[in-house]
Amino acid sequence: MESEPIQGMPVESFDDRLAELRAHYSGAICDVMDSCIEDILLPADRMTLLADAAMFMVFIISTKIAAEQGAGADDRRALMAAYWPLEKAIKSDVPKLLMEFVDAVKAEARAPSCRVCGCTETTACVVAGKPNCHWVEPDLCSTCAEAPTVQ
């Protein structure tokens with residue numbers, strides 16, 4: 001909502017300016033928090049940070065499961081019945097799955113890729129009616145080699 005113009009210039013309303021400032025400072029606060037997490041909070045111990053975040057999510061999910069089963073907010077037994085199996089799975093399975101994912105990403109980063117399309121051994125080009133691509137040079141796949149734009 002705009003107020004009356006002063007000397008031909010519209011004046012921004014207080015509510016609009018307040019909303020703009022809130023958005024700016026919210027973004028700035030998020031940037032500071034991201035920076036703290038990345039630079040200050042034990043960068044070598046990110047696995048612990050991820051595990052803590054996962055456990056918090058397990059707690060939230062457990063409250064939702066208990067509520068869906070008709071339990072009240074104060075029914076600790078129902079909450080724990082939903083929580084413990086999830087916690088056990090998170091503590092035993094998630095670290096292993098995370099490490100497998102990280103190892104796969106690292107392996108993919110080291111894998112050769114096509115200089116034209118970026119395909120790799122595990123993400124070959126798929127063109128309808130043709131077999132998957134293969135290497136014709138160390139950094140060129142058959143699909144891109146057959147394309148008229150590649151010399």
Side-chain angles (χ1 to χ4, degrees), residues 1-2 9-71 73 78-151:
M1 170 171 26
E2 291 183 14
M9 301 281 297
V11 176
E12 187 176 22
S13 75
F14 176 76
D15 290 339
D16 290 344
R17 182 68 181 138
L18 184 60
E20 182 182 313
L21 286 171
R22 280 187 178 149
H24 170 75
Y25 285 113
S26 293
I29 289 169
C30 288
D31 291 345
V32 168
M33 289 175 65
D34 288 346
S35 176
C36 286
I37 289 171
E38 288 294 318
D39 301 331
I40 298 169
L41 289 178
L42 302 175
D45 200 19
R46 290 196 176 144
M47 203 60 163
T48 302
L49 185 62
L50 287 172
D52 289 345
M55 295 316 297
F56 177 72
M57 291 306 299
V58 166
F59 178 76
I60 298 298
I61 291 167
S62 300
T63 61
K64 301 280 186 193
I65 291 171
E68 286 293 319
Q69 293 173 346
L79 176 61
M80 290 296 107
Y83 178 82
W84 290 120
L86 291 172
E87 182 202 27
K88 183 178 178 189
I90 291 289
K91 283 187 174 180
S92 63
D93 296 339
V94 169
K96 184 179 110 197
L97 292 172
L98 268 173
M99 292 313 297
E100 288 173 3
F101 176 76
V102 167
D103 291 344
V105 168
K106 286 179 180 177
E108 184 73 23
R110 289 188 303 264
S113 63
C114 177
R115 68 177 178 254
V116 178
C117 69
C119 71
T120 66
E121 289 287 331
T122 58
T123 57
C125 296
V126 179
V127 179
K130 289 188 169 189
N132 290 352
C133 69
H134 58 276
W135 297 116
V136 295
E137 291 180 23
D139 64 346
L140 183 65
C141 75
S142 58
T143 302
C144 294
E146 294 171 4
T149 57
V150 176
Q151 298 178 358

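Atom set for the values below is all heavy atoms of this structure, side chains included, hydrogens, waters and symmetry mates excluded.
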Looking at Val58 and Glu87, what are the two nearest heavy atoms and their distance?
CG1-N, 3.9 Å

Rounding to 0.5 Å, atoms CG (Leu79) and CH2 (Trp84) come to a distance of 10.0 Å

Thr143 side chain near Cys117 side chain, heavy-atom distance below 4.5 Å:
no

Separation between CG of Leu86 and CG of Asp93, rounded to the nearest 0.5 Å
11.0 Å

Considering all heavy atoms of both residues, which atom of Tyr83 and which atom of Ser62 are nearest to each other, and what is their separation?
CA-OG, 3.1 Å

Taking only residues two or more places apart in sequence, or in another chain, which ones meet Lys130 in a salt bridge (Lys or Arg N to Asp or Glu O under 4.0 Å)?
Glu146

At their closest point, which heavy atom of Cys144 faces which heavy atom of Cys114, and how far apart are they?
SG-SG, 3.8 Å

Atom OG of Ser113 and atom CG of Leu140: how far apart are they, to the nearest 0.5 Å?
11.0 Å

Using the test side-chain contact (heavy atoms from CB on, under 4.5 Å), find all partners of Gln69 that sit at least two apart in sequence or belong to another chain.
Ile65

Donor-acceptor pair, Ser142 side chain versus Val136 backbone, under 3.5 Å?
no

Glu68: partners by side-chain contact (heavy atoms from CB on, under 4.5 Å), with sequence neighbours left out
none

